[in-house]
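Have a look at the structure below, then the notes.
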Amino acid sequence: MADFQLPPALVPDDGRFGCGPSKIRPEQVDHLVAHAHLLGTSHRQKPVRELVGRVRAGLADLYRLADGYEVVLGNGGSTAFWDAAAFSLIEKRSAHLSFGEFGQKFATAASAPWLSAPAVVRGDPGTVAAFAGDEEADIFAYPHNETSTGAMAAVSRHGSEGALTVVDGTSAAGGVAIDARATDVYYFAPQKNFASDGGLWFALMSPKAIDRIGRVASSDRYIPEFLSLNIAVENSRLDQTLNTPAIATLLLMDAQIQWIAENGGLDWAHARTKNSSDLVYAWAEAHPTASPFVSNPEHRSQVVATIDFDGSVDASKISAMLRSNGIVDIDPYRKLGRNQLRIATFTAIEPSDVSRLLGAIDAAIAAL
Ligand SMILES: *Cc1c(COP(=O)(O)O)cnc(C)c1O
């Protein structure tokens with residue numbers, strides 16, 4: 001098994017199937033090289049500000065943002081955004097859906113001493129939880145795609161008139177189409193479907209969200225500058241960030257936004273990831289030892305496919321055998337602890353490579 005070798009026809013052109021960091025297309029790296037003169041230059045000067053402006057405008061176009069919505073960005077990734085939201089967005093109390101690691105992490109960040117304890121609706125891994133409807137909260141938060149389990153929620157509004165709907169789009173953005181008007185804040189980091197490196201967060205914000213941020217900022221709450229969304233809004237309007245951003249990350253993101261736009265926009269990306277994930281689920285359903293982990297087909301993610309195996313197959317062995325053939329990062333989310341493979345079907349990943357991967361898994365199982 002240690003010297004298991006895949007037949008060349010089953011070797012994907014690109015073996016990166018991880019859920020973040022994830023495959024970066026060679027053309028993005030070419031774009032980075034072509035703009036290498038921006039690296040090592042001031043983010044306060046025109047060339048880098050134009051790059052930030054292009055990324056902001058490109059996202060506004062991809063999401064066909066309604067009037068008054070703004071693209072805001074800052075440093076620290078989605079994890080930093082959770083803390084920023086606890087300081088800058090939640091007025092008194094938040095409500096959360098927790099059906100995996102990432103939804104729970106935001107709920108934990110919102111358990112801050114200056115806020116009332118959040119209302120948390122929990123669901124088992126592999127399901128999508130739902131708000132009861134009577135939660136008293138000023139923000140309603142949930143992940144669009146729970147990357148740790150491969151369960152995907154519908155994007156819709158919750159709560160009363162004054163409440164904000166705040167959606168973690170980290171692993172869905174750039175690969176799943178949404179109506180941004182159904183959210184007040186749709187935030188994400190660029191290392192998943194946007195195929196860039198980590199370290200930044202982006203948020204599509206409604207006028208109502210920006211009002212809220214202004215109101216919280218003018219209250220007497222202590223807010224560290226780095227976690228002030230008001231400062232992030234002010235800087236973003238100038239195509240800047242409070243502190244130094246990773247310029248290479250912005251350039252890789254820029255290339256991916258342009259590529260998606262040239263191919264037909266988010267609808268194209270959506271159809272592509274749907275097609276790739278359908279291949280994986282159909283394969284698993286037809287397979288004698290495999291099955292989709294998410295039992296409700298409507299909740300199966302089109303960007304992160306999780307496949308369980310029965311006791312006759314050791315998924316970790318398959319992962320190791322494929323890793324030695326250049327196919328990487330198909331292990332399940334580490335804390336989930338299942339006999340599972342987790343496969344990203346992100347926009348950057350070729351559907352033909354997904355087909356080869358499935359053939360490669362078959363070959364590995366046969367060789368076990
Ligand atoms: C990856 C991921 C995060 C964490 O993003 P970081 O940029 O590493 O902080 C948060 N939420 C979801 C849904 C994710 O997939």
Side-chain angles (χ1 to χ4, degrees), residues 16-24 55 72-86 89 94 96-110 120 123 125-129 139-155 165-176 178 183 185-204 226-227 229 232 241 245-246 248-250 252-253 256 273 277 294 299-306 329-336 342-349:
R16 290 173 287 181
F17 293 95
C19 293
S22 62
K23 178 188 168 187
I24 296 174
V55 167
V72 180
L73 73 159
N75 280 308
S78 293
T79 301
F81 189 85
W82 294 325
D83 286 330
L89 195 60
S94 52
H96 302 259
L97 297 184
S98 164
F99 47 93
E101 278 295 308
F102 292 107
Q104 181 54 42
K105 281 183 175 182
F106 189 9
T108 303
V120 183
T127 68
V128 170
I139 82 161
F140 286 74
Y142 56 93
H144 182 187
N145 186 69
E146 180 45 82
T147 322
S148 65
T149 64
M152 195 165 89
V155 172
T165 295
V166 177
V167 178
D168 180 352
T170 305
S171 57
V176 186
I178 58 154
T183 69
V185 180
Y186 188 77
Y187 65 94
F188 49 89
Q191 71 273 22
K192 316 235 170 161
N193 279 285
F194 282 109
S196 182
D197 256 335
L200 288 169
W201 58 259
F202 293 84
L204 316 178
F226 185 69
L227 300 171
L229 292 178
T241 44
T249 302
L250 286 163
L252 294 170
M253 172 112 177
Q256 186 73 348
T273 60
S277 58
V294 176
H299 293 158
R300 282 178 197 157
S301 167
Q302 67 188 71
V303 282
V304 173
T306 43
D329 300 340
I330 58 171
D331 317 272
Y333 188 75
R334 61 202 142 86
K335 285 190 214 153
L336 199 58
R342 182 176 63 151
I343 299 162
T345 52
F346 289 164
T347 309
I349 294 167

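Everything numeric here is computed off the predicted structure, so don't read it as measured data. Every number for a ligand or one of its atoms is a count from 1 in the order of the listing.
Looking at Ser148 and Glu101, their side chains never bring a donor and an acceptor atom within 3.5 Å of each other.
One N or O on the side chain of Ser277 and one on the backbone of Thr273 form a donor-acceptor pair closer than 3.5 Å. Side chain of Glu146 to backbone of Gly103: a donor-acceptor contact under 3.5 angstrom is found. Put simply, the side chain of Lys23 gets close to the backbone of Ala348: a donor and an acceptor are under 3.5 Å apart.
The contact shell of ligand 1, taken as protein residues with any non-hydrogen atom closer than 4.0 angstrom, comprises Gly77, Ser78, Thr79, Trp82, Phe102, Asn145, Thr147, Asp168, Thr170, Ser171, Ala189, Gln191, Lys192.
Ring geometry, Phe81 versus Tyr187: the interplanar angle falls under 30°, so the pair is classed parallel (tilted spans 30 to 60°).
Remark: Lys192 qualifies as a cation-pi partner of Phe102 under the 6.0 Å distance and 45° angle criteria applied to the six-membered ring.
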